[in-house]
Amino acid sequence: MPELPEVETIARSLQQGGRGQGALPGRVIRSVRLFWERTLAEPGKEEFMKHLPGQRVIEVTRRGKFIVIRLERDWLLIHLRMSGDLRVEAVASKPQPHDRMLILFEDGAGLFFNDTRKFGRVWLLTDPQSILGKLGPEPLDEAFTAREFHTRLAARKRQLKPLLLDQTFLAGLGNIYTDEALFLAHLHPLASSNALSQGQASRLLGSIREVLNEGILHNGASIDWVYRGGDFQNHFHVYQRTGEPCPVCGKPIERILVGQRSSHFCPVCQSV
DNA sequence: AGGGAAACCCGAACGC
DNA sequence: TGCGTTCGGGTTTCCC
């Protein structure tokens, strides 16, 4: 579940060396190995091999669900998608099952990209804005106001659920966090975005921030058997709790399909 | 413009 | 036991 909190956690650990000895900044790339090429590397294997070796890592940050690695000349963007994970080894050992890429550094350290379901992607770019520029605002950015959020919601006429999942509208929310935020805000996933009052928009932004911060606190969620360290899955209010009593009113949680995505909500607390 | 569907993947969890 | 089928997560692309 490569949603914002986990990406945030990994980016932080990569910067601070949290996972083992993983501080990337300062390290110089020696070589790159791709164990899976078909959809992993953009623009392609040849470009990676040609341009990455010799470049020093400057810093590691995050934008939306992307992990952003700034190199001396280029930029590396990593999207973990569903089952992706990053692992840093001070002395790179041999690849493990489902490892898709290894970036080997001159001092022997290695950054492994492991991804069971092969959904993840890595981009090598001279200008990261070609991708990051399309993203909507950061919900955790304090400069992003509830008033601005309300304006953006009112400018569209869409079901709340798909709109919140739209990364160009707001960056970083996935299916879990959207369901949880809508529940906390007492809003129905099918409610129309342009029907929200300023107060409802404010409450929704507050709920989004609460859910994201809670996810970060718990190191993200490990659901669908893909374990990646977090335990936020033990704190869901509605997600994957179909039929269980609503923690607020006791009515069974319902599950519907919205924009092909499963959506969990309380039919009483979240009226349209 | 909004919404639906399919495609990309895999392994768990099911049905028979 | 061993098949086959379904499912779901994020995103892009195509179509109405």
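Every chain is numbered from 1 and lettered A, B, ... according to where its sequence line falls, protein lines coming before strand lines.
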Problem - More than 12 heavy atoms of other groups within 6.0 Å of A:Gln96 CD - result: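 Atom CD in A:Gln96 is crowded, with more than 12 foreign heavy atoms closer than 6.0 Å.
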[X] side-chain N/O to [N] phosphate OP1/OP2 under 4.0 Å:
X        : N      : result
A:Arg255 : C:dG8  : yes
A:Arg156 : B:dG2  : yes
A:His98  : B:dC9  : no
A:Arg158 : B:dG3  : yes
A:Lys157 : B:dG3  : no
A:His79  : C:dG10 : no
A:Gln167 : C:dT11 : yes

Practice task
Take A:Gln260 and A:Thr39, find for each the nucleotide of DNA chain B with the closest heavy atom, and name the residue whose nucleotide sits nearer the 5' end.
Solution key: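 Nearer the 5' end of the strand: A:Gln260.
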Exercise for the section: In plain terms, say whether A:Glu138 and A:Arg62 are close enough for a salt bridge, that is, a side-chain N and a carboxylate O under 4.0 Å apart. Expected result: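 A:Arg62 and A:Glu138: salt-bridged.
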Exercise for the section: Considering only NZ, NE, NH1 and NH2 on the basic side and carboxylate oxygens on the acidic side, decide whether A:Asp107 and A:Arg30 come within less than 4.0 Å. Expected result: no
Exercise for the section: Have a look at A:Arg38 and say if it touches a base, only the backbone sugar-phosphate, or nothing, with a 4.0 Å heavy-atom cut-off. Expected result: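 Sugar-phosphate: the residue A:Arg38, judged by heavy atoms under 4.0 Å, touches backbone atoms but no base.
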Completion exercise
Taken to the nearest whole Å, CG/A:Leu163 to P/B:dG2 is 8 Å
Are there any protein N/O atoms within less than 3.5 Å of an N/O atom in nucleotides 13-16 of chain C, and if so, which ones and at what distance?
none

Problem - Whether A:Phe149 and A:Phe169 hold their rings parallel, tilted or perpendicular, with breakpoints at 30° and 60° - result: tilted
Exercise for the section: With the side chain of A:Lys118 defined as its heavy atoms from C-beta on, choose the nearest nucleotide among C:dT11, B:dC9, B:dG11. Expected result: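 When the side chain of A:Lys118 is considered, B:dC9 is the closest of C:dT11, B:dC9, B:dG11.
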Fill in the blank from the handout: With the side chain defined as heavy atoms from C-beta on, A:Asn175 is closest, among B:dG4, C:dG8, C:dG10, to C:dG10
Exercise for the section: Can you see which heavy atom on A:Asp179 is nearest to which on A:Val238, and at what distance? Expected result: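 Heavy atoms of A:Asp179 and A:Val238 come nearest at O-CG2, 3.7 Å.
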Problem - Close aromatic pair by centroid cut-off 6.0 Å: A:Phe232 and A:Tyr177 - result: yes
Handout entry: Test side chain to side chain donor-acceptor pair (under 3.5 Å) applied to A:Ser202 - qualifying residues, sequence neighbours left out
Key =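 Testing A:Ser202 for side chain to side chain donor-acceptor pair (under 3.5 Å), a comparison that skips the adjacent residues, returns A:Gln198.
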